[in-house]
Amino acid sequence: FPQALALWQNAPMQEPEQVSLHGIFRYIHRFDSGERKQAQRNSCEEARRRLEDGEDFGRLAAELSQSGTRNMGGGLGNRYLDPMEPMDEELATLQEGQISPVLSVANGCWVFQIDEKSKGATVPFADAPWPARRILFRQVLSQVTGDRFLK
């Protein structure tokens with residue numbers, strides 16, 4: 001930890017890339033049957049197809065999402081992309097306006113649309129917003145430790 005702290009205290013760091021997203025989520029419980037899990041994934045795939053065909057994201061979110069996005073037109077706001085997270089790695093490959101493949105998470109699956117992307121500013125660590133600092137510190141710590149504590 002002291003080595004990691006020294007690294008980010010002495011040099012400016014670039015904030016992680018940030019995206020503004022819309023998303024549709026389908027919940028999958030670990031004890032769900034295989035049929036139920038597949039049905040939930042199929043609903044997410046259906047949402048993706050319909051988005052690709054040009055249907056309104058807000059309407060589809062209200063119909064198909066099982067998260068708070070249902071009531072917010074699918075809007076998720078801004079999020080920093082963590083290059084150490086597989087889902088964020090996938091989102092980083094998309095351009096503005098593109099729709100993601102169906103992405104699995106621990107409790108379900110998502111389909112996202114990238115509304116806007118922006119590169120992070122170069123700032124002293126202490127001036128970065130907390131979500132960016134968490135990602136930056138984790139990256140520096142993984143460099144110092146060789147990832148042995150982060151896997």
Side-chain angles (χ1 to χ4, degrees), residues 4 7-8 11-30 32 34-145 147 149-151:
L7 279 174
W8 51 256
M13 303 185 94
Q14 184 171 354
E15 292 177 338
E17 185 174 29
Q18 193 173 33
V19 293
S20 176
L21 298 168
H22 274 74
I24 293 174
F25 175 77
R26 298 297 293 187
Y27 178 73
I28 299 172
H29 190 277
R30 63 187 177 121
D32 282 346
E35 291 170 352
R36 171 74 176 159
K37 289 176 183 176
Q38 189 59 52
Q40 292 293 75
R41 186 161 182 84
N42 289 346
S43 291
C44 226
E45 291 284 357
E46 175 190 351
R48 184 180 192 287
R49 281 190 300 277
R50 290 170 64 183
L51 289 168
E52 289 282 347
D53 288 342
E55 287 196 44
D56 178 69
F57 208 109
R59 195 172 64 72
L60 277 176
E63 178 185 335
L64 296 174
S65 190
Q66 294 178 318
S67 74
T69 63
R70 163 174 260 165
N71 300 321
M72 299 182 307
L76 289 166
N78 294 336
R79 140 191 194 122
Y80 287 104
L81 296 179
D82 185 342
M84 297 177 75
E85 294 292 334
M87 184 173 77
D88 287 356
E89 283 181 322
E90 180 73 34
L91 292 175
T93 67
L94 301 174
Q95 301 302 312
E96 289 182 8
Q98 280 190 298
I99 297 166
S100 74
V102 174
L103 301 172
S104 296
V105 293
N107 64 342
C109 55
W110 283 94
V111 62
F112 296 104
Q113 181 172 2
I114 305 292
D115 298 325
E116 190 176 334
K117 288 178 93 169
S118 61
K119 295 285 182 200
T122 301
V123 296
F125 180 82
D127 293 344
W130 172 248
R133 278 191 275 170
R134 184 187 62 76
I135 293 168
L136 292 170
F137 183 69
R138 192 168 156 223
Q139 289 174 321
V140 170
L141 190 59
S142 74
Q143 292 168 4
V144 170
T145 64
D147 285 334
F149 297 112
L150 301 173
K151 290 187 177 185

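This one's a predicted model, so the numbers in the text were calculated from it and none came from an experiment.
- Atom CZ of Phe112 and atom CG of Leu76 lie 6.0 Å apart (nearest 0.5 Å).
- The heavy-atom pair separating Ala61 from Gly73 by the smallest distance is CB-C, 4.0 Å.
- Looking at heavy atoms from C-beta onward, Met87 lies out of side-chain contact with Ser100 at the 4.5 angstrom threshold.
- Taking the side chain as every heavy atom from C-beta outward, Glu85 and Ile135 never approach each other to under 4.5 Å.
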Check: residues 103-110 side-chain donor-acceptor pairs under 3.5 Å, at least two apart:
residue : atom : partner : partner atom : Å
Ser104  : OG   : Arg41   : NH1          : 3.2

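- Here the closest non-hydrogen pair linking Ala62 and Arg70 is O-NE, 2.9 Å.
- One N or O on the side chain of Arg26 and one on the backbone of Leu64 form a donor-acceptor pair closer than 3.5 Å.
- Between Asp88 atom CG and Thr93 atom OG1 the span is 11.0 Å, to the nearest 0.5 Å.
- The two residues Tyr80 and Pro129 make their nearest non-hydrogen contact at OH-CG, 3.2 Å.
- Under the side-chain contact (heavy atoms from CB on, under 4.5 Å) rule, Val111 has a single partner from Ser65, Ser43, Cys44, which is Cys44.
- Sorted by first and then second residue, the side chain to side chain donor-acceptor pair (under 3.5 Å) pairs involving residues 44-59 (not counting sequence neighbours) are Glu46-Arg50, Arg50-Glu55, Arg50-Glu63, Glu55-Arg59.
- Across all non-hydrogen atoms, the minimal contact from Gln113 to Gly97 is NE2-O, 3.4 Å.
- Atom CZ of Arg134 and atom CD of Gln139 lie 10.0 Å apart (nearest 0.5 Å).
- A 4.5 Å side-chain heavy-atom check between Thr69 and His22 finds every atom pair outside the cut-off.
- By the 4.5 Å heavy-atom criterion applied to side chains, Arg36 and His29 are not counted as neighbours.
- Taken to the nearest 0.5 Å, the CD atom of Glu17 stands 5.5 Å off from the CG atom of Leu81.
- With rounding to the nearest 0.5 Å, the separation of OH in Tyr27 from CD in Gln40 is 10.0 Å.
- Atom CD of residue Glu116 and atom CG of residue Leu21 lie 11.0 Å apart, to the nearest 0.5 angstrom.
- Between Glu90 and Pro101, the shortest heavy-atom distance links the atoms OE2-CG, 3.5 Å.
- Checked by atom type and distance alone, the side chain of Lys117 pairs as donor or acceptor with a backbone atom of Leu94 at under 3.5 Å.
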